[in-house]
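None of the values given here were measured: they were computed from a predicted structure.
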Number of protein chains: 2
Amino acid sequence: MRPREFDHDDVLRVAFEQFWRRGVRGTSLSDIAREAGVQRGSLYNAFGSKEALFLAAYERYAGDYLSSVQKVLGSGPLRKRLTAFFDLTIKNFRSGSPPRGCPTTRGLMELASDDGEGLDEDARRAFADLVSRITGLVQDALSEGAQRGEFNGAPEVAALHIVTVTRGLAVLERAFGDEPQLRKIAAHTVDLVLNEKRR
Amino acid sequence: MRPREFDHDDVLRVAFEQFWRRGVRGTSLSDIAREAGVQRGSLYNAFGSKEALFLAAYERYAGDYLSSVQKVLGSGPLRKRLTAFFDLTIKNFRSGSPPRGCPTTRGLMELASDDGEGLDEDARRAFADLVSRITGLVQDALSEGAQRGEFNGAPEVAALHIVTVTRGLAVLERAFGDEPQLRKIAAHTVDLVLNEKRR
DNA sequence: AAGGTATTTGACACGATGTCAAAAACATGA
DNA sequence: TCATGTTTTTGACATCGTGTCAAATACCTT
């Protein structure tokens, strides 16, 4: 066997950085290869295709991101948890300069219905999986909150609603780039869910 | 002058249909040219670039869509208006087979930070403009509702929240393709905004 | 009928994806 | 130590995309 001349994880990190900034379609394997100091062909040999490379890189990201969501949603008063969750979400897609947006949301909009160009069913599953898991964590937090009398309602729909708002924030972020606006919407959502109108 | 051999509006309709189904990056001018029975070069001559063609086609769509939003949000009890608005929204991106998703949301995620590949600042403005106008219409409906005692709260944030949910629904639609789920979230949002928990 | 002008057409340059065969480099066994 | 085998690397290639340009074309106008 001839050993690899590059570090598998380094490439994954470099690749995801590019995918995050420019989207999958907007990133060429030549870009990644140059940035990582690797030949383009080596990437094809190691990963098979741009899509497969993206998927590998995204799985890493998804794991890391999920664990940070778990952390902020796992303890404290419900209001604190939800606020921290929204903070984390917004900070995530306002990170970088210029801000990189939400990779999951972007990826979902790069899905192709008929395969050929664009991301396919495997990618869709990966995105949907992260969204589902996050929804589950939110629902758990709400259920615990309900037991403690901090929340009054159906955790399942409420969790879906909250996650839907975070996805919407990712879209508005691209449209307006107005971070205070995003935080205002987030705060309002928390108030609405906790049934406390702000005055 | 030599007259055009194709109908300007026909091309715009054909083009937007393709852009809607496959996204801007996923659609080639060759596809559009073939579908419209026009030479590729003629499209460049008439519109200048793929992006400009998309923009022209999108403006048409945005105008049409805005007027249908205006219709459903313009009269009736507030609950009816909001429900009809969500219905329209969901129906819009569940239309086509397979469903085409929301062109505005998709377009927003195809924006490129540094120009070169992808949609640029002009497109961003067009998307943001439609979202802003729709938000304005929702806010108007809420304000009228407040005057009639159908709504109790701040119309501005509430309108932003509602529009954020619709954008989030567009994202979930791509992730799960689960229309009942989308309708459930929509109904829950209306209840939440009107301050009437469902039992 | 002739000329001007915008449109059409096809060739070209360039860059991207993905494939493939040949070259290269290391691990292993003799 | 050296030959062998296997995997990686490398560069060439086919194909498809965007965008540009000059030449040909067809109609409107005078």
*Quick one: salt bridge (Lys or Arg N to Asp or Glu O under 4.0 Å) partners of A:Arg34, sequence neighbours excluded?*
A:Asp31

_Going by side chain to side chain contact (heavy atoms under 4.5 Å, CB included), name the residues that satisfy it together with B:Arg100, two or more places apart in sequence or in a different chain._
B:Glu17, B:Trp20, B:Arg21, B:Ser95

*List in chain and number order the residues that pass ring pair (Phe, Tyr, Trp, His ring centres under 6.0 Å) with A:Phe86, two or more places apart in sequence or in another chain; answer none if no residue qualifies.*
none

*Can you list, by residue number, the residues of residues 37-56 of chain B that have a non-hydrogen atom closer than 4.0 angstrom to DNA chain C?*
B:Gln39, B:Gly41, B:Ser42, B:Asn45

*Would you mind checking if A:Arg124 and A:Asp120 are paired as a salt bridge, meaning a charged N to carboxylate O distance below 4.0 Å?*
no

*Sequence-distant partners of A:Glu110, salt bridge (Lys or Arg N to Asp or Glu O under 4.0 Å), two or more places apart*: none

*Not counting sequence neighbours, which residues clear side chain to side chain donor-acceptor pair (under 3.5 Å) with A:Glu59? List them please.*
none

*For B:Asp87, all residues meeting salt bridge (Lys or Arg N to Asp or Glu O under 4.0 Å), sequence neighbours excluded*: B:Arg183

*Do the ring planes of B:Phe47 and B:His8 sit parallel (below 30°), tilted (30 to 60°) or perpendicular (above 60°)?*
tilted

*How are the rings of A:Tyr61 and A:Tyr58 set relative to one another: parallel (under 30°), tilted (30 to 60°) or perpendicular (over 60°)?*
tilted

*asked:* I'd like to check the side chain to side chain donor-acceptor pair (under 3.5 Å) partners of B:Arg174; sequence neighbours left out, ordered by chain and number.
replied: none

*What is the 5' to 3' range of DNA chain C, first to last nucleotide, that sits under 4.0 Å from any heavy atom of chain B?*
C:dG4 to C:dG10

*Please identify each residue that fulfils salt bridge (Lys or Arg N to Asp or Glu O under 4.0 Å) with A:Arg81, with sequence neighbours left out.*
A:Glu144

*Mind running a 4.0 Å heavy-atom check of residues 24-36 of chain B against DNA chain C and sending the residues that fall below it, in number order?*
none

*Centres of the B:Phe16 and B:Phe19 rings: under 6.0 Å?*
no

Taking only nitrogen or oxygen atoms into account, show me every contact under 3.5 Å that the protein makes with nucleotides 28-30 of chain D, one pair per line with its distance.
residue, atom, partner, partner atom, Å
D:dC28, O4', B:Met1, O, 3.4

